[in-house]
There are 2 protein chains.
Amino acid sequence: MLSKKTKYGIKALTYIARKDEKLPVQASEISESENISQKFLESIMLELRKSGFLGSKKGKGGGYYLIKKPSEIKMTAVIRVLEGPIAMVPCVSLNYYEKCDDCPDEDACSVHKLMIQVRDASLNVLGENTLADIAFR
Amino acid sequence: MLSKKTKYGIKALTYIARKDEKLPVQASEISESENISQKFLESIMLELRKSGFLGSKKGKGGGYYLIKKPSEIKMTAVIRVLEGPIAMVPCVSLNYYEKCDDCPDEDACSVHKLMIQVRDASLNVLGENTLADIAFR
DNA sequence: CTTAAAACCTAGTAAACCGATAGGATTATA
DNA sequence: TATAATCCTATCGGTTTACTAGGTTTTAAG
């Protein structure tokens with residue numbers, strides 16, 4: 001299941017992308033428009049800034065803006081930052097690999113075999129979709 | 001992330017499938033061989049029986065056995081029983097649909113759009129794989 | 001210079017979920 | 001009758017989740 005954090009984060013990025021003005025967008029505006037708890041959203045925006053998706057401007061008239069073009073933001077990257085691994089099991093994760101402490105032999109493991117396929121399928125979809133794709137198409 | 005319950009459940013089914021003998025397999029045997037807490041596994045086996053994947057025989061010499069042939073057990077079905085919805089968001093789930101309480105318009109929602117694609121990709125993989133595929137191939 | 005509006009930061013918290021454990025009751029075999 | 005297995009219910013510690021509280025800092029505008 002996708003956490004609300006990730007869901008809200010993607011919605012916020014989408015919201016900013018769809019506003020074609022160059023002015024920064026306030027978290028309060030997004031929170032109202034998208035029905036997201038403001039304080040919670042603030043922490044998410046902060047994370048998105050720290051991970052390089054957003055820039056920010058403090059003070060009156062401040063807000064957040066995209067650092068890259070929507071077409072250059074892959075959804076794999078967004079989800080990895082907000083949600084963590086895309087794989088459903090650590091032992092098939094490319095970026096967060098971890099060996100299972102049960103399971104002596106990964107190659108013999110049926111779960112491993114299956115989850116590699118699921119991972120590849122998901123990776124394929126998320127890698128092909130950019131923020132532009134889901135915001136505008 | 002896949003829960004241990006689901007992971008253990010799939011491993012247990014695989015174990016039984018790979019034993020070609022007709023005799024029922026004990027939970028204790030599986031728990032030892034696959035390094036799974038016995039009591040925890042017991043509860044999983046029970047669930048797999050109640051949902052129609054396994055039959056059981058009580059008492060001495062008892063155990064669990066597959067009710068259908070491995071090639072007839074789709075992984076979608078197994079995962080839906082043990083893990084719940086395959087979709088990452090309730091609003092794109094086929095079997096466990098739920099409307100988001102934020103989000104007035106699903107068609108305009110970028111998360112919705114993306115997660116439909118992820119769901120279809122996963123569904124495709126899990127629907128094509130049977131227990132036989134992951135146990136023997 | 002003051003005020004308001006915004007991001008930024010730290011901490012806490014209620015509820016849910018997870019993985020496991022405890023302790024048996026029931027049933028079947030030998 | 002003893003033993004071995006499933007079956008059942010309850011509980012529990014730990015972690016995560018989704019959020020809330022309560023500020024501080026920075027900036028722009030009046």
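These numbers come from the heavy atoms of this one structure, side chains and all, not from hydrogens, waters or symmetry mates. Letters A, B, ... mirror the listed sequences (proteins, then strands); counts begin at 1.
- Following rounding to the nearest Å, A:Met45 (CE) and C:dC8 (C1') show an atom-to-atom distance of 13 Å.
- In this structure, A:His112 and A:Val89 have side chains that are not in contact, with every pair of non-hydrogen atoms separated by 4.5 Å or more.
- Inter-residue side-chain proximity for B:Leu48 and B:Leu82 is flagged as met; some heavy-atom pair is nearer than 4.5 Å.
- At least one side-chain heavy atom of A:Lys19 sits under 4.5 Å from a side-chain heavy atom of A:Tyr15.
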List the steps and the verdict of side-chain hydrogen bond (donor to acceptor under 3.5 Å, both in side chains) for A:Ser3 and A:Glu83. CA-CA 7 Å; A:Ser3 66; A:Glu83 189 77 6; 2.8 Å; yes
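- Evaluated for a side-chain hydrogen bond (donor to acceptor under 3.5 Å, both in side chains) with B:Ser110, the options A:Asp133, A:Asn129, A:Thr14 yield exactly one hit, A:Thr14.
- Atom CE in A:Met1 sits roughly 15 Å away from atom C1' in C:dA16 (whole-Å rounding).
- Side-chain atoms of A:Arg18 come within 3.5 Å of backbone atoms of A:Ala135 as a donor-acceptor pair (strictly under, hydrogens ignored).
- Residue A:Asn35 contributes atom CG, which lies 16 Å from atom C1' of D:dC19 at whole-angstrom precision.
- Dashed line: the shortest gap from a side-chain N or O of A:Tyr8 to OP1 or OP2 of D:dC19 is under 4.0 Å.
- At the heavy-atom level, B:Lys7 lies nowhere under 4.0 Å from the strands shown.
- Contact of the B:Gln117 side chain with the A:Met75 side chain is not registered, since no non-hydrogen atoms from C-beta on lie closer than 4.5 Å.
- As a whole-Å value, the separation of B:Tyr65 OH from C:dA28 C1' is 13 Å.
- Between the P atom of D:dC7 and the CD1 atom of B:Ile44 lies a distance of 14 Å, rounded to the nearest Å.
- As rounded to whole Å, 12 Å separates atom P of D:dA5 from atom CG of B:Leu23.
- Following rounding to the nearest Å, B:Leu48 (CG) and D:dC7 (C1') show an atom-to-atom distance of 14 Å.
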Go along nucleotides 20-30 of chain D 5' to 3' and tag each nucleotide: B for a protein heavy atom under 4.0 Å from its base, S when only backbone or sugar atoms are that close, - otherwise. B-BB--BBS--
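- For the pair B:Leu46 and A:Lys4, nearest-nucleotide mapping onto DNA chain D gives the more 5' position to B:Leu46.
- In this model, the phosphate group of C:dC8 is approached by a side-chain N or O of A:Tyr64 to a distance below 4.0 Å at OP1 or OP2.
- Taking atom CZ on B:Arg49 and atom P on C:dT27, their separation rounds to 12 Å, with Å as the unit.
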